[in-house]
There are 2 protein chains.
Amino acid sequence: MTGLNERKQKILHAIVTDYIQTAEPVGSRTISRHYQINLSAATIRNEMADLEELGYVTQPHTSAGRIPTQQGYRFYVDALMDQAALTPAEEKYLTEFFRQLQKMQEIDLIIKYTARVLSDLTNYTSLVLGPQFRRSAFKQMQIIPIDQERALVVLITDTGYIKNKVIMLPRALEQEELDHVVAYLNQQMAGKTIASLSAEQLRQLRYDLYARIDIFNHLMNMLEESAAEGESRVFLGGTSNILNQPEFKDMEKIKHLLTLFEQGDRLSFMLETDAEGVLIRIGTENNLQEMNDCSLITASYYLYDRPVGTIGVLGPTRMEYARVITIIEAIANQLNRLIAAL
Amino acid sequence: MTGLNERKQKILHAIVTDYIQTAEPVGSRTISRHYQINLSAATIRNEMADLEELGYVTQPHTSAGRIPTQQGYRFYVDALMDQAALTPAEEKYLTEFFRQLQKMQEIDLIIKYTARVLSDLTNYTSLVLGPQFRRSAFKQMQIIPIDQERALVVLITDTGYIKNKVIMLPRALEQEELDHVVAYLNQQMAGKTIASLSAEQLRQLRYDLYARIDIFNHLMNMLEESAAEGESRVFLGGTSNILNQPEFKDMEKIKHLLTLFEQGDRLSFMLETDAEGVLIRIGTENNLQEMNDCSLITASYYLYDRPVGTIGVLGPTRMEYARVITIIEAIANQLNRLIAAL
DNA sequence: ATTAGCACTCTCTTGAGGTGAGTGCTAATC
DNA sequence: GATTAGCACTCACCTCAAGAGAGTGCTAAT
């Protein structure tokens, strides 16, 4: 049910790849000359007219070549695209880079540098979502009293994310009392994800700690807040790369994108996904006004087969899909190895 | 030794303020008509020729009005500028905003939102440097073992900055042993800034802990690293605001600035200062190629009369200096109050 | 079914002419 | 002696027309 015979597919493939390279509308002559299609320009013109009617390509004006539509890119990505391979140089750069990263113990640093390498290799803007709190499991919790009224809660998750939160103490507490609560919670919650704590378990915990119900409530509030606010740990790389794209010579578009880049909550909402593997969203598939001319390629990274975060590359719809997918997969793999070691 | 009589000063003042408003070269007629200077355009032309020769203004081309040079802005800022006042709306917005912020206990959140309000009010890009580690004093330290090989060091400073750092343990340690080291360090270092630790004191500490010299060395290494790397906690706000300025319609310039914005280390180097009060750096005074067309206005914020961080506004040299200075001072004051309460 | 040929369309570049803002200089005026 | 009116001149910018070039759709021949 593709609706496209092989010849049309070949021509569409030529149009997309040529346009991705040149950013110029592709004419029939260009195709008949530069691509392995033994047809005259006139024949190709006829086919192109068909492709246009079917919605895969369009003309910026009557006497120009064709450019792919969103539907055209979608078909290309789903059915036509060749697989790319990392160049030896890229491969070398990547392994060397992650060998360096291995020394780092803090996940936030790792994520930050991952964003950088991702944008450096692709020449697009990269977005990396740190391990999501609600997908992470408890490892350990500690409470450090700051003064009479406040204490610092330190939470270590199995994804290496370390969460600090200052809470107000309901009353002055003995160190001993704190230690008791902390020890109990550590014991009960170790290895569990926030999301997995059922209402039943919470009630049980609350019951067990009834004597210290006030502290407990404070802690739980803190956890819930963290699960919400903490999500927006998005790291960007290569924001200036979007300026290299001719489609963003319009100031207004850039402004909207830059403004979007400052809205961590919207970015993380965009990146958050349950889907596994590489996901490609083209143009309006992003459901964001500002992204109508952009494509976003994302991949999840994992801890013990559990997806905990997302890395992504943002470019124009005229993005080098094949190349970026290869790179993003390679980097996700490296990241998986690194996180497993934390 | 200003070299400028009152009339020339008045004219320069008119040129600068008009150009700041309009971004258009200012002609002699505009000045004689719109400003309280009872002179004909011809006379003003003569004076402007003088001002040009003295280096305060320049012409984009022979038959255009004048625009201020860097020297012209400098003189304006030093000698001519009127003081601005907050509008009632700004004032209200500010106090309300900081009233909300008061609830936050984490300095990083406060700093982040400060950057936002600063860019929102000024319509320029804001840069805020978090409390600098080496200007902060110890409040408390804790070590939380993660596993056999690693531990998390949590450091709380009096500026509210909470530093996490994972260190490798030289060997498996008893909790008791860790507690001992931590207790001792807490006792010895409380209230001291990193910078103030003399070699003598370090030697003393090292001596006292000779039995656990390995842990101690790890901790000190961590502190030193922190003092260096941790400095680059720069928060940006309103990066898209630079696109509002007509002088940045050139893609290349924007690209350079955006690239600079991603280099936290260079930004914090730029913001770091020992100077007190408001500091204005115009064009090449910034000593950064990318900033040759920009001005940067910074102010320190304080904890107990000790400058601990910097807030700043970045705009074109044609920046509304007076207005920005007023706003930046007001925000610095609010921030001082907030930090004192941490 | 394919292709060569051709008229046609549309963008983009180039150059000429006109407009307007602003200048510098000179001579008259206060 | 300082100020100003007047005037010729400069230069950016706009508009318009002409021409080039790339590419198309259609038709007729292969």
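Within every chain, numbering begins at 1; the chains are lettered A, B, ... in the order of the sequence lines, protein sequences first and strands thereafter.
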Quick one: which of B/Lys255, B/Arg266, B/Lys253 gives a salt bridge (Lys or Arg N to Asp or Glu O under 4.0 Å) with B/Glu290?
B/Arg266

For C/dT23, does OP1 or OP2 lie under 4.0 Å from any side-chain N or O of B/Ser28?
yes

Does a nitrogen or oxygen in the side chain of A/Arg7 sit under 4.0 Å from OP1 or OP2 of C/dT2?
yes

Of A/Pro25 and B/Leu39, whose nearest nucleotide on DNA chain D comes first from the 5' end?
B/Leu39

Atom-to-atom span, CG of B/Asn38 to P of D/dA2 - whole angstrom:
19 Å

Side-chain contact check for A/Met48: nearest option of C/dA4, D/dT24, D/dT4 is D/dT24

Base-pair map of DNA chain D as dot-bracket, where | denotes pairing with a different strand and pairs are Watson-Crick or G-U under 3.5 Å
||||||||||||||||||||||||||||||

Would you call A/Arg116 and A/Asp120 a salt bridge, taking side-chain N to carboxylate O under 4.0 Å as the test?
no

Got a donor-acceptor pair under 3.5 Å from the side chain of B/Arg45 to the base of C/dG24?
yes

Within this structure, what is the CG-to-P distance between A/Asn46 and C/dG5, rounded to whole angstrom?
17 Å

Specify the separation, in whole Å, of atom CD1 of B/Ile11 and atom P of C/dT23.
12 Å

If you check every side-chain atom of A/Ser40, which of D/dG25, C/dA4, C/dG24 has the closest atom?
C/dA4

Does A/Arg33 make a side-chain N or O approach to OP1 or OP2 of D/dG23 shorter than 4.0 Å?
no

Atom CD of A/Glu247 with >12 non-hydrogen neighbours under 6.0 angstrom:
yes

So do the side chains of A/Leu127 and A/Met270 get within less than 4.5 Å of each other, counting heavy atoms only?
yes

Enumerate all atom pairs, one protein N or O and one N or O from nucleotides 10-14 of chain C, separated by less than 3.5 Å.
{"from": "C/dC10", "atom 1": "OP1", "to": "A/Thr62", "atom 2": "OG1", "distance (Å)": "3.3"}
{"from": "C/dC10", "atom 1": "O5'", "to": "A/Thr62", "atom 2": "OG1", "distance (Å)": "3.4"}
{"from": "C/dC10", "atom 1": "O4'", "to": "A/Ser63", "atom 2": "OG", "distance (Å)": "3.1"}
{"from": "C/dC10", "atom 1": "O2", "to": "A/Ser63", "atom 2": "OG", "distance (Å)": "3.2"}

Can a donor-acceptor pair be found between the side chains of A/Glu262 and B/Thr239 at a distance below 3.5 Å?
yes

Scan B/Ala64 against the nucleic acid and name what it touches under 4.0 Å (heavy atoms): base, sugar-phosphate only, or nothing.
sugar-phosphate

Taking the six-membered ring for Trp, are A/Tyr76 and A/His13 parallel (under 30°), tilted (30 to 60°) or perpendicular (over 60°)?
tilted

With a 6.0 Å cut-off (strictly less than), is the heavy-atom count around CG of A/Asn38, excluding the residue itself, greater than 12?
no

What is the separation between atom CG on A/Asp18 and atom C1' on D/dG23, rounded to the nearest whole Å?
14 Å

Counting N and O atoms only, with roles assigned by atom type, does the side chain of A/Ser126 sit under 3.5 Å from a partner on the main chain of A/Val117, one being a donor and the other an acceptor?
no

Rounded to whole angstroms, how far apart are CD on A/Glu47 and C1' on C/dT2?
11 Å

Separation of C/dG24 atom P from B/Arg29 atom CZ, nearest Å, is 16 Å

Starting from P on C/dG24, measure out to CD on B/Glu53 and report it in whole angstrom.
11 Å

Classify the angle between the aromatic ring planes of B/Tyr19 and B/Tyr73 as parallel (below 30°), tilted (30 to 60°) or perpendicular (above 60°).
tilted

